[in-house]
J.: 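I have a structure here, written as structure tokens, and I will follow up with some questions on it.
Being a predicted model, the structure only gives us computed values, none of them experimental.
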Amino acid sequence: MSGTKQSSRIEETGVQGGGRGRWLALSVLVLAVLLVAVDATVLGLATPSLSEDLGPSGTQLLWIGDIYSFVIAGLLVSMGSLGDRIGRKKLLLVGATAFGALSVLNACATSPEMMIVARALLGVAGATLMPSTLALIRNIFHDPKERSLAIGIWGATASAGAAVGPIVGGALLQHFYWGSVFLINLPVMIVLVVVGIKLLPESKNPVAGPWDLVSVGLSLVGVIGVVYAVKEVATHGLTWEVAATAVLGAAALYAFVRRQFTLPSPLLDMRLFRHRGFSGAVLADLLTVFGLSGLVFFLSQFLQLVQGRDPLEAGLSELPAALGAVVTGLVAGRYARTYSVRVVVTGGLAAIGLALGALTVLHKETGYPLLGAALLVVGLGAGFSFTVTADVILSSVPKEQAGSASAVSETAYELGAALGIALLGSIVTGVYQGFTAPESVAGPVADAAHESLGGAVEVAKGLDPAIAGPMVEAAQVAFVDGLRFASGVGAAVLLATAVAAWFLLKGQELQEGVQQ
């Protein structure tokens with residue numbers, strides 16, 4: 001009994017602290033968001049250099065890009081629930097320390113296989129960070145308007161990380177090897193841990209019950225199995241092995257859901273999805289990221305390998321998306337209260353869809369004004385949509401379940417990213433691999449050129465310029481064709497999601513006043 005009272009007392013101390021204490025605590029939480037956001041964006045920028053050094057196949061390159069999201073998506077619900085039980089501060093600080101150490105392992109990878117394993121382990125650590133940050137915001141900020149602003153700052157920092165990552169990463173790649181882009185995580189992690197120990201309040205659900213390891217396993221097997229099957233079907237077609245993996249994953253997810261209804265303390269309370277606003281916000285998050293992620297993953301390659309920009313210039317070129325998201329993320333809560341949740345979310349989703357649609361006219365010589373304008377609109381739309389849906393998800397549940405609700409939100413985000421890279425990325429790769437190399441290029445050289453655009457550029461360095469030029473030109477055209485096709489699919493997904501959100505979020509409102 002005394003332990004329960006102590007847990008409750010600690011939670012209330014953190015929430016009831018002075019105004020300065022709340023906002024200082026928030027500054028530590030956004031460092032964790034910055035950590036994850038920077039890591040996600042610098043990888044795309046480093047892909048050409050990484051491809052040249054490690055020589056991954058096209059499939060391995062996709063795995064390097066999406067295994068991080070696969071593992072995070074499979075573990076977020078489990079880690080959010082674990083934070084509810086052992087303490088969100090404790091989980092956040094342990095996870096941040098592990099994230100920093102594993103970033104070093106990623107930087108030291110010497111083969112594609114080692115890189116894939118290192119990224120997977122980084123995903124395990126990353127899964128501890130995001131649910132903890134949102135859950136702590138839910139428990140620190142009782143006033144809904146203050147919480148909306150805090151969530152806006154949280155989202156804006158994630159967007160700022162998306163901007164800082166490519167710029168800092170580009171500057172590093174100008175002077176150092178590709179592994180340096182992972183080492184930038186270390187100073188952020190050190191500040192987070194040292195300052196977080198002193199400033200962050202501890203919070204947890206004092207009556208959460210035991211952590212069910214069977215549910216943890218079912219969640220991980222289910223998500224990874226299904227996403228892997230989708231990826232393989234998109235890339236290589238349906239085989240018996242892939243079908244078996246899909247069945248195994250679906251069966252594990254079904255068993256996970258059934259088990260949650262029977263447990264007195266479930267890992268994830270499935271009754272949350274009976275709330276139409278909660279379900280609509282989760283769906284909007286998942287499909288928004290699905291439409292965006294595949295495009296973003298390949299955009300850095302387009303800027304560097306097709307348009308010939310250096311890494312720093314490519315990073316600066318992507319800045320409008322982050323700036324747009326920062327601006328709208330900070331005012332999204334106020335607009336949602338003025339014009340309604342569904343107007344803001346639907347408008348944001350539609351804006352992203354239209355911007356992606358504009359990229360279907362992309363070609364090798366496309367000037368930056370069109371690309372920059374499209375990226376700015378994407379950022380503005382994402383800032384509105386993500387911030388408001390995160391607020392809806394958190395405000396739909398009691399604060400004791402904040403970790404689980406946050407994990408659902410982040411799972412939708414990471415699962416959408418994994419599916420987007422798997423499906424839209426596979427579209428780009430599939431179209432690209434159909435390009436015709438010169439007749440004089442055959443055997444292993446031709447195979448390497450068809451694996452990825454980075455592979456084509458690399459093998460061209462050892463060919464006669466009269467042959468290399470036409471081959472690279474054909475490869476670039478094919479890559480852009482695939483990028484246009486993927487942008488069109490992403491646009492269709494986003495516009496359809498906007499229509500669905502309009503109906504699912506009908507009548508949904510953000511809370512007003514102070515909620516104790």
Side-chain angles (χ1 to χ4, degrees), residues 155 158-159 162 230 234 277 279-299 302 318 320-329 331-332 335-336 339-363 366 369-390 392 409 412-428 431 480-506 508:
S159 301
V230 170
S279 297
V282 170
L283 179 66
D285 276 357
L286 190 151
L287 293 179
T288 299
V289 180
F290 171 88
L292 287 173
S293 57
L295 173 70
V296 171
F297 182 73
F298 284 95
L299 189 58
F302 170 79
E318 298 177 29
L323 292 177
V326 168
V327 170
T328 52
V331 300
Y335 276 67
Y339 299 106
S340 85
V341 166
R342 75 169 180 172
V343 166
V344 173
V345 173
T346 300
L349 295 171
I352 300 171
L354 294 174
L356 292 180
L359 294 181
T360 57
V361 301
L362 200 68
H363 54 84
T366 296
L370 173 62
L371 184 60
L375 287 170
L376 177 62
V377 174
V378 164
L380 292 171
F384 276 129
S385 178
F386 284 140
T387 304
V388 175
T389 52
V392 168
S409 173
Y413 186 97
E414 296 297 340
L415 187 57
L419 288 172
I421 291 175
L423 289 177
L424 300 184
S426 296
I427 289 173
V428 176
V431 173
V480 174
D481 287 343
L483 193 56
R484 284 204 304 263
F485 191 11
S487 297
V489 173
V493 169
L494 265 297
L495 293 174
T497 304
V499 174
W502 179 260
F503 292 101
L504 289 172
L505 297 176
K506 181 180 180 181
Q508 181 68 44

J.: Can you confirm whether Leu359 sits close enough to Leu371 that some side-chain heavy atom of one is under 4.5 Å from a side-chain heavy atom of the other?
T.: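 A side-chain contact exists here, since the closest heavy-atom pair is under 4.5 Å.
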J.: Considering non-hydrogen atoms only, spot the tightest contact between Thr389 and Ala284 and give its length.
T.: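 That would be CG2-CB, 4.1 Å.
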J.: Does a side-chain heavy-atom distance below 4.5 Å link Val327 with Val331?
T.: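 Val327 does not reach Val331 side chain to side chain.
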J.: Taking the side chain as every heavy atom from C-beta outward, state whether Val388 and Leu505 have any pair of such atoms under 4.5 Å apart.
T.: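 The answer is no, as the side chains (C-beta and beyond) never meet within the 4.5 Å cut-off.
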J.: Return the minimal non-hydrogen interatomic distance between Ala491 and Gly353, and the atom names on each side.
T.: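 Ala491 and Gly353 have their closest heavy atoms at CB-O, 3.3 Å.
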J.: Test side chain to side chain contact (heavy atoms under 4.5 Å, CB included) on Leu483 and Leu362 and set out the steps.
T.: CA-CA 8 Å; Leu483 193 56; Leu362 200 68; 3.7 Å; yes
J.: Which atoms form the tightest heavy-atom contact between Ile352 and Gly381, and what is the distance?
T.: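 Looks like CD1-C, 3.8 Å.
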J.: For the residue pair Phe302 and Val480, what are the closest heavy atoms and their distance?
T.: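 Taking every non-hydrogen atom into account, CE1-CG2, 3.8 Å.
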J.: How close do Ser385 and Val345 get, heavy atom to heavy atom, and via which atoms?
T.: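 Minimum heavy-atom contact is OG-CG1, 4.0 Å.
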J.: Quick check: do Leu356 and Leu494 have side-chain heavy atoms less than 4.5 Å from each other?
T.: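 In short, these two side chains touch, coming nearer than 4.5 Å.
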J.: Mind listing the closest non-hydrogen atom pair of Ala374 and Ala355 along with its distance?
T.: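 That closest heavy-atom pairing would be O-CB, 3.5 Å.
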J.: Does the side chain of Phe485 come within less than 4.5 Å of Asp481's, by heavy atoms?
T.: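 No, side chains not in contact.
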J.: OG1/Thr497 to CG/Leu286 distance, rounded to the nearest 0.5 angstrom?
T.: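 Between Thr497 OG1 and Leu286 CG, I get 9.0 Å after rounding to 0.5 Å.
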J.: Any chance you could measure Leu349, atom CG, to Trp502, atom CH2, to the nearest 0.5 Å?
T.: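 Reported to 0.5 Å precision, the distance equals 12.5 Å.
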